[in-house]
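Quick note: residue numbers are just sequence positions, from 1. As the structure lists them, so they are numbered: ligands from 1, and atoms in each ligand from 1.
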Amino acid sequence: MWKRPKGWIRKGEDSAWLAELDKSCFKKAWREESFSRLMKKSWFRAWTWHAEANSKASAFLVVEDLPDLFSILRVGVVPECQRQGIGKEMIDFLIQLARNEQVPNILLEVHECNLAAQHLYFASGFRQIHRKKGYYHDPSGNALVLIKAIS
Ligand SMILES: CC(C)(COP(=O)(O)OP(=O)(O)OC[C@H]1O[C@@H](n2cnc3c(N)ncnc32)[C@H](O)[C@@H]1OP(=O)(O)O)[C@@H](O)C(=O)NCCC(=O)NCCS
């Protein structure tokens, strides 16, 4: 388990918990079966964030671990814990992990209208490399493709 000043980050190994967190954070949530199916993939990695070592998770991060790339599939902080630096802590954790494992890039897609997430990513050093038109439905919109090169 990885300890930071604010909280604890541990491997996310429980599909039911990941699905519950996903439901709290996203309007269009993934079902538990999707998480359990994805968890069987060799590239799947997930973590949860806890205020105390044994407390319930308040945030989660799901990543596709590809050759030379971490691709963020999901990151969310439950609404009552947002704006407390937890999202930044999760992203900082992933950046540090990429450094440790010599993964040169982190990639993600974000809805053009999701300004909160964009602020977080740009503040963490991501830059836009592409825009996917009409990528999202409900709510519809374009996706910004962002990348961070790990130095
Ligand atoms: C996006 C999300 C993960 C951010 O997590 P968070 O813990 O609230 O973010 P932090 O408190 O670490 O904020 C870090 C920075 O992000 C920016 N930010 C976060 N929320 C913001 C908001 N609502 N409005 C504007 N900027 C915001 C700020 O720059 C902030 O730094 P500051 O507080 O020093 O100004 C969270 O809002 C969330 O779970 N949203 C729903 C799910 C989602 O949209 N996930 C991302 C999909 S791509």
Side-chain angles (χ1 to χ4, degrees), residues 1-35 37-39 41 43-53 55-66 69-99 103 105-150:
M1 200 185 299
W2 193 71
K3 175 78 175 116
R4 285 271 305 203
K6 280 178 192 287
W8 299 78
I9 293 173
R10 71 165 71 120
K11 277 188 184 174
E13 291 167 322
D14 184 333
S15 57
W17 268 113
L18 290 173
E20 192 170 319
L21 288 162
D22 201 76
K23 200 172 161 190
S24 309
C25 298
F26 290 92
K27 210 174 120 193
K28 222 173 152 187
W30 291 1
R31 290 185 316 209
E32 188 191 342
E33 303 84 76
S34 303
F35 281 104
R37 186 170 37 81
L38 289 175
M39 279 175 131
K41 307 279 185 195
W43 46 257
F44 181 93
R45 293 176 82 177
W47 297 270
T48 49
W49 185 98
H50 306 253
E52 302 295 337
S55 65
K56 212 173 140 179
S58 311
F60 75 115
L61 172 66
V62 177
V63 165
E64 212 177 343
D65 184 351
L66 301 169
L69 185 70
F70 282 158
S71 173
I72 298 178
L73 299 181
R74 276 315 220 200
V75 56
V77 178
V78 296
E80 60 273 23
C81 296
Q82 290 178 4
R83 291 314 296 261
Q84 295 172 27
I86 300 170
K88 175 138 180 43
E89 199 166 309
M90 296 294 274
I91 296 298
D92 286 350
F93 161 77
L94 190 66
I95 292 169
Q96 192 53 52
L97 188 73
R99 272 195 201 110
V103 174
N105 290 293
I106 303 177
L107 189 86
L108 61 88
E109 279 142 9
V110 58
H111 198 295
E112 208 168 39
C113 296
N114 190 347
L115 298 181
Q118 284 176 46
H119 276 123
L120 166 61
Y121 302 138
F122 288 129
S124 302
F126 284 79
R127 65 185 174 84
Q128 186 183 333
I129 53 164
H130 186 52
R131 171 186 270 115
K132 290 184 180 174
K133 280 201 172 168
Y135 184 74
Y136 291 108
H137 306 280
D138 191 26
S140 60
N142 304 326
L144 306 185
V145 183
L146 309 187
I147 198 162
K148 179 173 172 72
I150 305 300

Chain-and-number sorted residues having a heavy-atom contact under 4.0 Å with ligand 1 are Cys25, Phe26, Val75, Gly76, Val77, Gln82, Arg83, Gln84, Gly85, Ile86, Gly87, Lys88, Glu109, Val110, Asn114, Ala116, Ala117, His119, Leu120, Tyr121

Starting from the C-alpha separation in whole Å, work towards a yes-or-no answer on side chain to side chain contact (heavy atoms under 4.5 Å, CB included) for Leu18 and Arg74.
CA-CA 10 Å; Leu18 290 173; Arg74 276 315 220 200; over 6 Å; no

Tyr136 vs His111 aromatic rings, parallel, tilted or perpendicular, using cut-offs 30° and 60°?
parallel

So Trp47 and Leu97, side chain to side chain contact (heavy atoms under 4.5 Å, CB included) or not? Walk me through it.
CA-CA 12 Å; Trp47 297 270; Leu97 188 73; 3.5 Å; yes

Stepwise side chain to side chain contact (heavy atoms under 4.5 Å, CB included) check, Trp30 with Leu38
CA-CA 11 Å; Trp30 291 1; Leu38 289 175; 3.6 Å; yes

Can you name the residues that form a side chain to side chain donor-acceptor pair (under 3.5 Å) with Asn142, not counting sequence neighbours?
Glu112

More than 12 non-hydrogen atoms from neighbouring residues, nucleotides or ligands closer than 6.0 Å to CZ on Arg99, yes or no?
yes

